[in-house]
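Reviewing the structure listed below.
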Amino acid sequence: MDLVTGAISNLILKLGELLKEEYRLQKGLRKRVESLQKELESMSAVLCKVAQLTPDQLDVQVRAWAQQVRMVSYNMEDILDAFLVHVEDQEPATSNRFKRLTEKTAKLFNKSKARRMISDAIKDIMKQLQEVADRRARYMDGDIMAKSTVTIVDPRLSALYNDVTMLVGIDKASDDLISMLSSQCDDGKYVNKVKKVSVVGPGGIGKTTLVKAVYEKLKIDFGCVAFVPVGRNPDINKVLKDVLIDLDKQHYMTHLNMMILDERQLIDELHGFLKCKRYFIVIDDIWETRSWETIKLALIENNCGSRVVATTRNSRVAKVDEVYNIKPLSYVESRKLLYTRIFGADADYLDKLPDKLVSDKILKRCGGVPLAIITMANLLVGKRLEEWPQVHNSIGFSHKDNHHTESTMRILSFSYYDLPSHLKTCLLYLSMFPDDSPISKDPLIWKWIAEGFVHKERGCGLFEVGERHFDELKNRSIIQAVEFEEEEGIIQGCRVHDMVLDLIRSLSSDEKFLSVLDGLDSEDTLTESSPRRLAHQKRTVDHNPQARNTGMPHLRSFVAWYCAIDKMVPLLSFRVLRVLAIEYCEFKEGYQLQHLGNLLHLRYLGLIETNIRVLPKEIGHLRFLQTLLLNGTGIEELPSSLRLLPQLMCLRADWKTRVPNWIGMLTSLEDLRIYRGADDRSARRFVKELGNLTGLRVLRAGIAVLDENMERDLVKSLCNLKEIQYIHVEIIYPAIDDTMDASPWMSKVSWEAEGFVSPPKLRRLLLGCIMFPTLPSWIINPSCLLSHLCVHVVTIEEQDLKVIGKMPGLHDLLLPTSSTVTISNIAEGGYFKKLRSCSMLSSMVQFLRNEDSSVSFHMWNGEDAVPFGTRKDGEGSVAPIVMPCLEFLEFFFFVQTMKDCNGYCGSIGLEYLTALKKVTVRIGCQGASVVEVEEAEAALRHAVRIHPNHPTLELIRHFEDKMILASDQQEVEATRC
């Protein structure tokens with residue numbers, strides 16, 4: 001199902017299923033089904049052509065026809081699904097022979113009735129399709145793809161002709177880009193090879209403005225220059241001609257015969273022109289890789305120090321070039337741009353500041369995007385300061401009566417209309433989420449799957465295809481990736497900029513795709529009497545039986561976010577519901593999801609952080625249920641009927657939820673997160689039954705006991721998980737108030753002897769609950785593709801650490817160990833080249849005295865000390881070799897050990913980790929005085945303060961109760977002497 005063809009794609013597949021022998025359709029009905037299938041295939045082809053055009057290019061009647069076809073397809077799918085539910089019902093489960101025969105006879109009667117129903121329904125649908133076709137024939141003349149005759153001026157042109165005095169926040173970005181373009185060799189000379197840099201960022205972020213400013217600064221240094229925009233669906237022949245005209249306007253504009261060339265001839269012409277020239281060419285606004293690859297064929301390598309800059313919204317286009325990711329404006333820059341646009345470049349806008357709270361709200365809404373700030377400024381020009389709150393609250397970016405906002409929306413809409421049809425649908429679905437809220441990736445993808453937006457591909461599961469859709473939206477800069485704090489380096493979700501959110505909500509409304517009720521709305525404000533998707537946001541939901549929109553028989557998604565729910569809309573109203581998400585909500589006490597078992601079409605049930613304490617046993621009737629998210633509910637017991645769900649692929653339980661003893665029956669599971677065993681016996685059974693879940697991709701489980709037999713069973717189960725990508729086994733207390741020791745258990749089993757090898761798809765391995773005597777050989781497999789590794793090892797050898805350091809994709813490492821590791825002979829290329837987060841909670845990290853009596857932060861290297869991130873060669877220059885990309889560092893700092901090194905003077909070497917963003921230091925206070933601890937903390941603060949990045953610092957004291965009191969200090973000093 002997608003926005004372009006509605007449910008037609010699904011319908012074609014389902015009609016094909018209906019033609020199978022098992023459904024025993026009458027001969028005449030089979031012919032009608034086959035005829036309907038062919039009609040839908042023809043309609044689908046036409047709708048796909050319609051989808052390639054923007055509204056400006058599309059006739060109004062064509063849009064109306066396409067919408068009518070989609071509505072008919074939705075109705076048809078509802079009827080087909082209802083039929084399939086009837087005829088595919090399970091056999092009677094009773095053991096009484098007479099009763100079973102009676103129930104079976106009744107089911108046969110119902111199936112016969114269902115076949116008559118589908119026959120009548122198909123006749124009705126074909127009649128509706130004929131009416132739509134007749135209406136089209138009556139009112140639509142000529143080509144269905146007739147384009148609008150209105151000339152549309154590209155609103156991006158203004159960026160090429162901005163007044164430089166009005167540019168704000170561009171100085172640092174232009175300096176950074178110029179620095180990238182002016183890179184030097186080791187001998188200080190400029191690189192002669194053609195250098196290509198791609199500037200990547202979302203629409204409206206200022207890519208064109210930036211490269212135009214850089215172009216104007218640098219073009220005087222080059223023999224020939226060109227600045228050529230490309231855009232969506234480019235004519236490559238015209239682009240190459242434009243490059244030639246910019247390079248030598250006088251020649252190519254006066255010799256028109258030179259311009260009657262095909263692409264190959266134009267490339268040859270450019271090669272001849274650029275062969276011995278130092279050129280600077282900007283190719284602005286490239287949308288897809290194929291166009292860029294063709295254009296680059298013309299940009300000859302001539303060893304003259306030439307430079308090429310491209311701008312794009314799609315990171316995939318830029319992947320083979322050096323990339324400059326343009327950043328949003330800072331708060332100060334955003335404020336300056338806003339007031340400069342309102343009050344003028346020469347005005348002292350600081351004297352005109354309105355209420356700071358209102359200003360901050362406006363700037364927050366703009367998110368540092370220059371286009372958004374300029375749009376808001378244009379809306380505020382001429383308004384009194386006391387009118388600003390009203391403008392902010394009532395207009396926003398989707399206000400269509402203002403040409404500035406229309407231009408902004410048009411620029412953003414280019415990204416939307418460039419999407420393939422299935423991604424348009426996925427993007428519009430994001431309009432149901434509240435503004436300024438992070439959207440969790442996994443639940444979003446499961447919702448897409450439940451709605452039918454994601455289809456299987458050969459060799460790829462549904463979730464993996466959904467991940468590709470998510471990544472594509474991210475790569476096109478339409479959504480902003482979010483890394484949640486609990487797992488740095490992993491993209492856990494996304495945000496949608498307010499401009500994009502306003503755009504997709506407007507499109508959703510126009511296409512009757514989704515309705516949103518926020519805190520200001522009531523039930524009666526729905527624009528659709530029977531919506532397909534309905535989202536409640538930050539409001540009180542109090543169902544009124546007399547409300548106009550009670551029935552909602554066609555509703556496919558019902559979502560409530562951050563709502564107080566006094567009385568829920570009756571679930572019986574939702575006859576074809578696929579998605580029921582009541583998340584981050586507060587229910588009136590005692591609500592228990594009455595009639596849940598009647599939602600026979602339900603695929604997704606999400607109750608995240610909502611106070612539902614009990615699941616009804618009728619959940620076992622939901623045979624199509626794929627996703628069940630219960631984290632944050634407080635549910636302690638899963639109903640046993642859950643084991644009857646044959647299609648359940650994702651189960652995430654609450655921390656309080658006890659592990660059932662039938663988990664191995666859910667053989668379709670791909671994602672299992674469950675933490676608490678009811679008792680020792682159930683935990684043992686759980687570990688054994690994991691081996692039945694051979695399709696698991698994600699396993700996150702908690703165990704409270706782990707003896708030798710249980711560890712052996714765990715290893716055997718893990719051996720069966722050939723598809724596993726994420727293993728996280730942790731220690732969970734058997735009771736909430738338990739104070740048992742949470743130290744890792746020492747492994748008593750040889751995993752290698754049990755036949756365990758690293759699964760081929762494993763990317764994240766977190767086994768901190770088990771302590772291995774030495775690093776297991778299956779972890780240090782050279783072909784390992786781990787990105788996250790947490791393993792507790794008593795003794796680690798130098799070669800083991802070197803192998804880990806050479807893992808090509810490793811970017812998160814937690815490696816507790818009791819050993820001090822010696823690294824000698826630092827290899828060329830260094831170690832941990834992609835590592836972003838590192839926790840060294842061991843004696844691996846030490847503080848050593850340098851020859852100049854300063855103390856530096858080192859990785860222990862035998863008799864030599866290798867500072868993190870650097871190596872000193874024979875000439876004293878510094879080259880990055882260890883952890884050059886490290887952003888998050890955590891380590892233990894034992895004050896007494898440091899004191900024994902005669903103080904904390906000088907740097908501790910953090911400045912060599914040039915990418916650092918955050919440092920967490922766990923300070924071991926035992927054996928040290930309060931003064932010594934404070935001195936150590938001061939030294940750490942100084943080290944962070946002088947770091948070029950100024951990372952944040954978190955200091956956490958440990959063993960404060962074992963510090964030496966001031967009264968004991970003299971005695972301790974005497975003892976040391």
Side-chain angles (χ1 to χ4, degrees), residues 48-49 51-54 56-57 152 154-157 159-160 194-205 207-208 210-212 215 225-247 252 259-271 273-274 279-301 306-326 410-424 468 471-478:
C48 287
K49 289 182 179 180
Q52 295 174 3
L53 303 176
T54 65
D56 299 322
Q57 301 170 307
I152 303 297
D154 190 339
R156 294 168 296 181
L157 284 176
L160 299 178
V194 174
K195 184 164 188 177
K196 301 180 180 71
V197 175
S198 290
V199 178
V200 181
I205 196 71
K207 300 183 296 295
T208 300
L210 170 62
V211 297
K212 181 64 174 176
Y215 176 78
V225 295
F227 192 110
V228 176
V230 178
R232 288 181 63 231
N233 304 318
D235 179 346
I236 298 300
N237 190 283
K238 180 180 183 304
V239 171
L240 297 176
K241 290 175 182 177
D242 287 345
V243 174
L244 283 168
I245 291 173
D246 264 22
L247 291 172
Y252 288 107
M259 304 306 293
I260 309 174
L261 304 172
D262 60 23
E263 289 178 10
R264 180 188 61 80
Q265 292 168 325
L266 287 168
I267 290 172
D268 289 342
E269 182 71 21
L270 277 163
H271 280 191
F273 186 91
L274 298 173
Y279 62 84
F280 179 28
I281 296 176
V282 176
I283 306 295
D284 184 41
D285 199 28
I286 302 171
W287 286 76
E288 42 93 23
T289 304
R290 186 172 57 181
S291 297
W292 183 218
E293 293 299 328
T294 304
I295 294 169
K296 284 196 290 188
L297 292 175
L299 307 178
I300 189 172
E301 294 283 351
S306 298
R307 298 292 183 261
V308 176
V309 175
T311 71
T312 180
R313 305 184 188 197
N314 193 337
S315 62
R316 293 189 186 278
V317 172
K319 63 182 179 181
V320 295
D321 304 324
E322 193 170 347
V323 176
Y324 178 78
N325 289 293
I326 189 168
R410 188 179 300 280
I411 290 173
L412 294 177
S413 69
F414 293 152
S415 293
Y416 171 78
Y417 289 109
D418 187 62
L419 292 173
S421 60
H422 63 279
L423 289 184
K424 289 178 181 175
R468 290 182 186 176
D471 290 342
E472 186 64 22
L473 291 174
K474 173 178 65 69
N475 291 333
R476 289 170 179 260
S477 303
I478 298 175

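Values below: all heavy atoms of this structure, side chains included; hydrogens, waters and symmetry mates excluded. Nothing fancy with the numbering, it's 1 onward along the sequence. All figures in this text were calculated on a predicted structure; none of them were measured in a lab.
The CG atom of Asp262 sits 13.5 Å away from atom CD1 of Ile236, with the distance rounded to the nearest 0.5 Å. Of the inter-residue distances, the one linking Arg468 atom CZ with Leu423 atom CG reads 12.5 Å to the nearest 0.5 angstrom. For the atom pair CD of Glu263 and NZ of Lys238, the computed distance is 13.5 Å after rounding to the nearest 0.5 Å. Separation of atoms CD1 (Ile286) and CG (Asn314) is listed at 11.0 Å; rounding is to 0.5 Å. Within the model, atoms CD of Gln265 and CG of Leu240 stand 12.0 Å from one another, a figure rounded to the nearest 0.5 Å.
Closest non-hydrogen pair, Leu419 versus Lys424, comes out as O-CE, 3.2 Å. Nearest heavy atoms, Ala298 versus Leu274: O-CD1, 3.9 Å. Residues Pro234 and Ser291 come closest through the heavy atom pair CG-OG, 3.5 Å. Of all the heavy atoms in Ala226 and Leu247, the pair that sits closest is CB-CD2, 4.0 Å.
Between Phe280 and Tyr215, the ring-plane angle classifies as tilted under the 30° and 60° cut-offs.
Looking at Glu472 and Arg476, a side-chain N of the basic residue comes within less than 4.0 Å of a carboxylate O on the acidic one, giving a salt bridge.
A donor-acceptor distance shorter than 3.5 angstrom exists from the side chain of Tyr279 to the backbone of Ile300, with no hydrogens or angles considered. In terms of modelled atom types and a separation under 3.5 Å, the side chain of Lys207 and the main chain of Val199 share no donor-acceptor contact.
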Would you please test Glu301 and Lys196 for salt bridge (Lys or Arg N to Asp or Glu O under 4.0 Å) and show each step? CA-CA 11 Å; Glu301 294 283 351; Lys196 301 180 180 71; 3.5 Å; yes

Using the rule given for side chain to side chain contact (heavy atoms under 4.5 Å, CB included), can you reason through Ile326 versus Leu210, listing the C-alpha separation, both sets of side-chain angles and the distance that settles it, and then say yes or no? CA-CA 9 Å; Ile326 189 168; Leu210 170 62; 3.8 Å; yes

Determine, step by step, whether Thr312 and Trp292 satisfy the side chain to side chain contact (heavy atoms under 4.5 Å, CB included) criterion, reporting the C-alpha distance in whole Å, the side-chain angles of both residues, the deciding distance to 0.1 Å, and the verdict. CA-CA 10 Å; Thr312 180; Trp292 183 218; over 6 Å; no

Using the rule given for side chain to side chain contact (heavy atoms under 4.5 Å, CB included), can you reason through Ile478 versus Tyr416, listing the C-alpha separation, both sets of side-chain angles and the distance that settles it, and then say yes or no? CA-CA 8 Å; Ile478 298 175; Tyr416 171 78; over 6 Å; no

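For the pair Ile281 and Asp246, the minimum side-chain heavy-atom distance is 4.5 Å or more. Residues Asp284 and Phe227 meet the side-chain proximity criterion, which asks for heavy atoms closer than 4.5 Å. Residues Ile295 and Val230 form a side-chain contact, since some pair of their non-hydrogen atoms from C-beta on lies under 4.5 Å apart.
With sequence neighbours excluded, the residues forming a side-chain contact (heavy atoms from CB on, under 4.5 Å) with Arg290 are Glu288, listed by chain and number.
Neither side chain, Asp285 nor Thr311, offers a donor N or O lying under 3.5 Å from an acceptor on the other.
The only member of Asp242, Val243, Val211 that meets side-chain contact (heavy atoms from CB on, under 4.5 Å) when paired with Ile283 is Val243.
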